[in-house]
Amino acid sequence: YGSNLSLEDKILLNLYFKNCTEGMTAEVSYTDYSGRTVTAEAELEQYSGNIYKVVVDEIVLADAFSLVTVEVFNGETVYATATDSVESYVARAEGSDLYDTIIKFATSAKAYFF
């Protein structure tokens, strides 16, 4: 359905799914800045009506370039899948100084670890 960033004490990637119901579950997966595959269960929380969101809070700033995939499950069946990244969201934001600064900081964070 969509995505956005929450700028709190860290940057959170939010992915939204429509036509979800209570009891569905979600899983987040991505390859982190060091090349390690990360998979974690995520909370699927009601946002508005039948729109639910997954807050991806496992990533750190150095992972801003990593594609994050969220799968929503209805029981054992994959109901919906979405892939996004902090970098992709920033690219769609069209030149916001704040978002440009986030990418510069993410680049520095990633370089620090290598």
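Here the structure is a predicted model, which is why all the values come from computation and not from measurement.
Rounding to the nearest 0.5 Å gives a distance of 13.0 Å between CD of E27 and CG of L44. Note that SG of C20 is 9.5 Å distant from CD1 of I51, once rounded to the nearest 0.5 Å. Separation of atoms CG (L12) and CG (L5) is listed at 8.5 Å; rounding is to 0.5 Å. Interatomic distance, CG of L15 versus OH of Y1, reported as 13.5 Å (0.5 Å rounding). Taken from CD in E87 to CG in L13, the straight-line distance is 12.5 Å, to the nearest 0.5 Å.
Cluster membership check: L67 does not share its hydrophobic cluster with V54, using side-chain heavy-atom separations under 4.5 Å among Ile, Leu, Val, Met, Phe, Trp and Tyr. Note on V72: it does not cluster hydrophobically with V55, by side-chain heavy-atom contacts below 4.5 Å among ILVMFWY residues. Cluster annotation: V56 is connected to V38 through the hydrophobic network of ILVMFWY side chains, with a link wherever side-chain heavy atoms come within less than 4.5 Å.
At least one donor-acceptor pair closer than 3.5 Å links the side chain of S85 to the backbone N or O of S88. The closest donor-acceptor contact from the side chain of S66 to the backbone of T31 lies under 3.5 Å. D63 places a side-chain N or O within 3.5 Å of a backbone atom of Y33 that can act as its donor or acceptor partner.
Residues E58 and Y30 approach most closely at O-OH, 3.4 Å, considering heavy atoms. Annotation for Y79 and N19: closest pair OH-O, 2.6 Å, computed over non-hydrogen atoms. Listed here is the closest heavy atom pair of E22 and Y52: N-OH, 3.3 Å. T81 and E71 get closest at one heavy-atom pair: OG1-CG, 3.8 Å. Of all heavy-atom pairs spanning Y89 and S3, the tightest one is CE1-O, 3.4 Å.
The shortest side-chain heavy-atom distance between D57 and K10 falls under the 4.5 Å cut-off. Annotation: side chain of Y47 is not in contact with side chain of N14 (no heavy-atom distance under 4.5 Å).
Donor-acceptor pairing under 3.5 Å is recorded for the side chains of T83 and T69.
Other residues, nucleotides and ligands contribute more than 12 heavy atoms inside 6.0 Å of the CZ atom of F73.
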